[in-house]
K.L.:
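Have a look at this one before I ask anything.
Below, chains carry the letters A, B, ... as their sequence lines are ordered, and counting in each starts from 1. Since the model is a prediction, treat every value here as computed from it, not as a measurement.
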Protein chains: 2
Amino acid sequence: MKIRNTKASSAVIRILEKEKKPLDVEDFIGRLNRRKINVDRTTVFRIVNKLTEARILTRLEFDEGKARYELTSLPHHHHAICTKCRKVEDIKECNIREVKKNAENNLSFKIEFHRIELFGKCHECRSIY
Amino acid sequence: MKIRNTKASSAVIRILEKEKKPLDVEDFIGRLNRRKINVDRTTVFRIVNKLTEARILTRLEFDEGKARYELTSLPHHHHAICTKCRKVEDIKECNIREVKKNAENNLSFKIEFHRIELFGKCHECRSIY
DNA sequence: TTTAATGCAAAACCTTTGCACATCA
DNA sequence: TGATGTGCAAAGGTTTTGCATTAAA
């Protein structure tokens with residue numbers, strides 16, 4: 001399973017390196033078009049699937065009925081998702097050691113990765129009212 | 001917005017009270033049929049939407065491209081999802097106080113609810129190999 | 001040249017909507 | 001009666017598949 005270095009595929013990665021937030025397929029298409037890279041929607045789905053399989057991208061779901069993608073190489077972090085504007089901010093701290101330990105001991109569950117998502121209102125959305 | 005006590009709607013709640021794991025619409029239809037309650041798929045979607053709006057159910061997404069539902073009334077917990085068999089186990093401990101505090105101070109993000117998901121292999125799936 | 005990527009059309013899934021009819025309170 | 005629930009058909013949104021063609025290594 002080799003991944004070729006095509007215009008669209010490498011642009012997807014460059015886009016994610018530049019932007020800080022997780023993007024969906026629609027976002028990618030828009031940003032690719034702005035860079036005069038015109039690819040079919042199908043192709044974008046194939047690109048993100050391939051890159052996700054290769055663990056270059058990580059797929060995320062925030063209760064939107066669609067997937068978002070971010071670079072796997074980002075330092076370990078979690079997400080704070082605004083329930084109003086859907087803005088996603090990163091969270092760096094992560095003290096779930098005890099939760100993990102407990103799951104491994106009590107449930108005999110071998111953790112491969114974990115995810116913490118905080119849902120709430122971001123600064124801007126709170127100050128509007 | 002009143003919720004009527006119909007055969008299907010109350011059966012959905014009873015099913016969730018009996019079963020411990022989050023179910024999807026397909027699961028509900030199967031279990032309703034077994035109870036000789038024949039409802040259209042559309043109706044089940046409307047039921048879970050209504051119950052979710054009323055905060056009786058909580059909608060969950062585990063990277064499956066579809067939603068699952070569990071009772072909101074369950075004691076606060078999180079999920080351990082087997083990446084192989086997709087079994088979902090509950091996790092009771094949750095020491096994310098610091099994570100929350102930090103998000104509220106540093107990001108000025110007002111947390112409404114949070115979610116911790118541990119992905120890995122359950123006991124059975126690990127012992128197969 | 002060999003393998004992987006692409007475009008286009010079609011289809012698969014999950015989910016929602018519109019409308020007429022049925023049913024609960 | 002008046003509001004809510006239901007079935008059926010249709011459609012919307014996201015994602016996948018098939019196939020012939022094009023491009024990368």
K.L.:
Does a side-chain N or O from B/K50 land closer than 4.0 Å to OP1 or OP2 of D/dG5, or not?
P.N.:
yes
K.L.:
For residues B/L23 and B/L16, determine if any side-chain heavy atom of one lies less than 4.5 Å from a side-chain heavy atom of the other.
P.N.:
yes
K.L.:
Report all interatomic pairs (protein N or O, nucleotide N or O of nucleotides 21-25 of chain D) with separations under 3.5 Å.
P.N.:
unit_1	atom_1	unit_2	atom_2	d
D/dA24	N3	A/R4	NH1	3.4
D/dA24	N3	A/R4	NH2	3.3
D/dA25	OP1	A/N5	N	3.4

K.L.:
Take atom CZ of A/R68 and atom P of D/dT15, then tell me their distance rounded to the nearest Å.
P.N.:
11 Å
K.L.:
Output the rounded distance in Å from CD1 (A/I37) to P (C/dT6).
P.N.:
11 Å
K.L.:
Whether A/E70 and A/K21 form a salt bridge (side-chain N of Lys/Arg under 4.0 Å from carboxylate O of Asp/Glu) is what I want to check.
P.N.:
no
K.L.:
Hey, does B/Y69 have a side-chain heavy atom less than 4.5 Å from the side chain of B/I47?
P.N.:
no
K.L.:
Can you measure B/F28 atom CZ to C/dC14 atom C1' for me and round it to whole angstrom units?
P.N.:
15 Å
K.L.:
To the nearest angstrom, how far is B/N33 atom CG from D/dG7 atom P?
P.N.:
11 Å
K.L.:
Base, sugar-phosphate or nothing for A/N49? Non-hydrogen atoms, less than 4.0 Å.
P.N.:
sugar-phosphate
K.L.:
Hey, does B/I13 have a side-chain heavy atom less than 4.5 Å from the side chain of B/S10?
P.N.:
no
K.L.:
For C/dA5, does either OP1 or OP2 sit under 4.0 Å from a side-chain N or O belonging to A/T43?
P.N.:
no
K.L.:
For B/A67 and A/A8, take the nucleotide of DNA chain C holding the closest heavy atom to each; which residue's nucleotide lies nearer the 5' end?
P.N.:
A/A8
K.L.:
Is there side-chain contact between A/K66 and A/V25, with heavy atoms separated by less than 4.5 Å?
P.N.:
no
K.L.:
Testing the basics here: between A/A67 and A/R59, what is the closest heavy-atom pair and its distance to 0.1 Å?
P.N.:
CB-CG, 3.7 Å
K.L.:
Between C/dT6, D/dT6, C/dC14, spot the one nearest the side chain of A/I47, thanks.
P.N.:
C/dT6
K.L.:
On the side chain of A/R46, is there an atom forming a donor-acceptor pair with the base of C/dG7 - under 3.5 Å, no angle test?
P.N.:
yes
K.L.:
Atom CG of A/D40 to atom P of D/dT14: distance rounded to whole Å?
P.N.:
15 Å
K.L.:
Just the rounded figure in Å: distance from C1' of D/dG12 to NZ of B/K66.
P.N.:
20 Å
K.L.:
Hey, does B/R68 have a side-chain heavy atom less than 4.5 Å from the side chain of B/D27?
P.N.:
yes
K.L.:
B/R41 CZ to D/dG12 P: how many Å, rounded?
P.N.:
19 Å
K.L.:
Could you give the CG-to-C1' distance, from B/L32 to D/dT6, as a whole number of Å?
P.N.:
14 Å
